[in-house]
Structures are given as structure tokens and as C-alpha cells.
Amino acid sequence: DESLCRIAHFEAGRMTPERPTSINRFFAVLKNPNFSQLGVVWRKLRSAFKFIPIHSLVLIYRTLSMADVTLHLYLIPNDHSLQKAIEGKETTWKSTHVPKPPQTDPLYFGSRYQVSGLENLQITPAQLDFCYRSPGEQQSFVEIYTREMKKEIRLQVQGQEDGSLVWETLVRPGDVQQHNAGLVSPLGAAFLAKHRLQLRDRMGLLNSMLARFRDAQLLNSEEEEEVKSHQTSKRRNDALLKLVERKGIRAQEKLYQILRETDPCLVEDLEASQ
């Protein structure tokens, strides 16, 4: 099954899987690589490489269809196809992404990791086995529930065997409350919704906007390359707008702020047309 094949990118002793452009009988092809091609690893064999540290990510989603404040925390290899599969599944659950720095310390297949937080959090299950599941399978996650969030909570992921801290973040009330479906749409979100077609056709300075999103940790390198990959400025703008819409209110407000700073004439012209 060619869909199970990846190019193994080794850097500083860590491995990141990359999807090959094409696969022939005797070799795999990767166009425009940004690393030395040191080998091809089939996904079914990954679990055998328990000694190799793996570049990995933590993803958090707020599930609006469930009670009070319910978060889903995923611990996955840094594989863009897995990120897209999770995003698609969470969308069906009416979830929104909670942007947090996703990179972990290197993890190892077959190891178990503990998710912890404050005492008033209900975390189910408390552990995750770090393994690979194909994009077509249901990805494992931890459900984090609290009745209300009046102050920030610190989430941590630690190795169960040695207690080593591999990832942590602070989730603030605004990070999840602003995703509530019942909130009145903020100014930025309303602006983007009303003028979407005009923004698609007229937005410029895309590289500058992407850099600002990256600095705000609202955009990862794979998402940036996905936006840039489109052939025309209109399609690149459309890809950015779709990405911002998927990420929720915080990202939409950030784009509105960036537009006001980088292209105030465009914003003023559109707002004057209301």
C-alpha cells in the first residue's frame, strides 16, 4: 500500500516522516526536499523503531457540542496527514482548534505518557500510548473536562516511566470562551464574514501576514506551505481565509488586526462600503 510509505527525515538524531511525491518499483521520489534523504520507512514498521526519538505534536480542540468546557488533547507524530485527519474529525464534532505551541520533546514509539492538570479537571484517560495510527483510523485522544474556567489551567505531558516533562502549556479562559457558539461575533470575525470575497480578491502582502501568524503561533510550517503552494494570489488568499475560519475566532481577530496594520486603506475602504 503506497499510502503507508514515508521518507524518514533525520535531524539531530530525531526523525520526522515526510510523504513521498511518487513511488516507483525500486525507489521513492520526493520533490523539493529540504533535507538529506536518508531512508524510506514504511508506516507499518515504525513501531519497531522504539530507539529513535520522533518529532511529535500536541493538538488541542474545544468541543462545542459537549457540556461546559470539554477539550480533546492529541499526542501524535509530526505527520501532516494525521493533523488533517484529526481536523476533519473534530470539524464533524463542531470543534475548534485551540492554538498552542504544539512541539514536544522527542518521543518514542511504544512509550506511555501521562496528561495532568489541576485537581478540578476530569482527565479521561490519564495516559496515552504513543503509537502510529493511519489517517483513516480514529486517533486516540485524552478528554479534559471542567464545569467552568475562571482562571488559567496548566496542562502537562510527562513520561510515565521516568516522569520527564515533554510538553506543557497554559490554557487561559479566553482561549476557550471565545470559541463559544453563543457569543456575539467579534468585530474581526464579522468583518471577514461580510467582506470575504473582496478580501480574497484584494489582499496583498501575503508573506508578511503569514510571518505574523507564525510569530503568534497560530500557524505551523506545514500550513504555511499549504497556503503558499497555490498558483495564484486569489487562491492563496482563499486558502488563508479558509485556514483562519477553521482555526476560530482568535485567528480571525488576528487577521483583522494584521490587515488594519499592513493595509489600512483596504480595511477603511471595505468598512466605508458597509
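FYI, side chains are in, hydrogens and waters are out, and symmetry mates aren't considered; it's all heavy atoms of this structure. All of these numbers come straight from a predicted model, not from anything done at the bench.
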*Are the aromatic rings of F109 and F130 close, with centres under 6.0 Å apart?*
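So the answer is yes for these two rings.
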Between [X] and [Y], does at least one N-O distance fall below 4.0 Å, as a salt bridge requires?
X	Y	result
K247	E223	yes
R260	E271	yes
E226	K84	yes
E224	R214	yes
K100	D175	yes

Checking [X] side chain against [Y] main chain: does a donor-acceptor pair fall under 3.5 Å?
X	Y	value
E137	S134	yes
E143	L71	no
S95	T91	no
R62	V98	no

*asked:* Suppose we screen for salt bridge (Lys or Arg N to Asp or Glu O under 4.0 Å). Which residues come up paired with K89, at least two apart in sequence or across chains?
replied: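 Residues passing salt bridge (Lys or Arg N to Asp or Glu O under 4.0 Å) with K89: none at all.
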*Identify, with sequence neighbours excluded, every residue that meets salt bridge (Lys or Arg N to Asp or Glu O under 4.0 Å) alongside R196.*
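So R196 forms a salt bridge (Lys or Arg N to Asp or Glu O under 4.0 Å) with D238, E245.
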*Would a 4.5 Å heavy-atom cut-off, applied to side chains only, mark L73 and L59 as touching?*
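No. Closest side-chain heavy atoms not under 4.5 Å.
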_If you define the side chain from C-beta out and look only at heavy atoms, does anything of Y113 sit under 4.5 Å from L75?_
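They are in contact (side-chain heavy atoms under 4.5 Å apart), so the answer is yes.
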*asked:* Tell me the closest heavy-atom pair linking M203 and L240, and the distance in Å.
replied: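 That would be CE-CD2, 4.4 Å.
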*Going by the angle between their ring planes, with limits at 30° and 60°, are Y74 and Y61 parallel, tilted or perpendicular?*
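Y74 vs Y61 ring planes: perpendicular.
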*For Q198, what residues pass the side-chain hydrogen bond (donor to acceptor under 3.5 Å, both in side chains) criterion, not counting sequence neighbours?*
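Expected list: R202.
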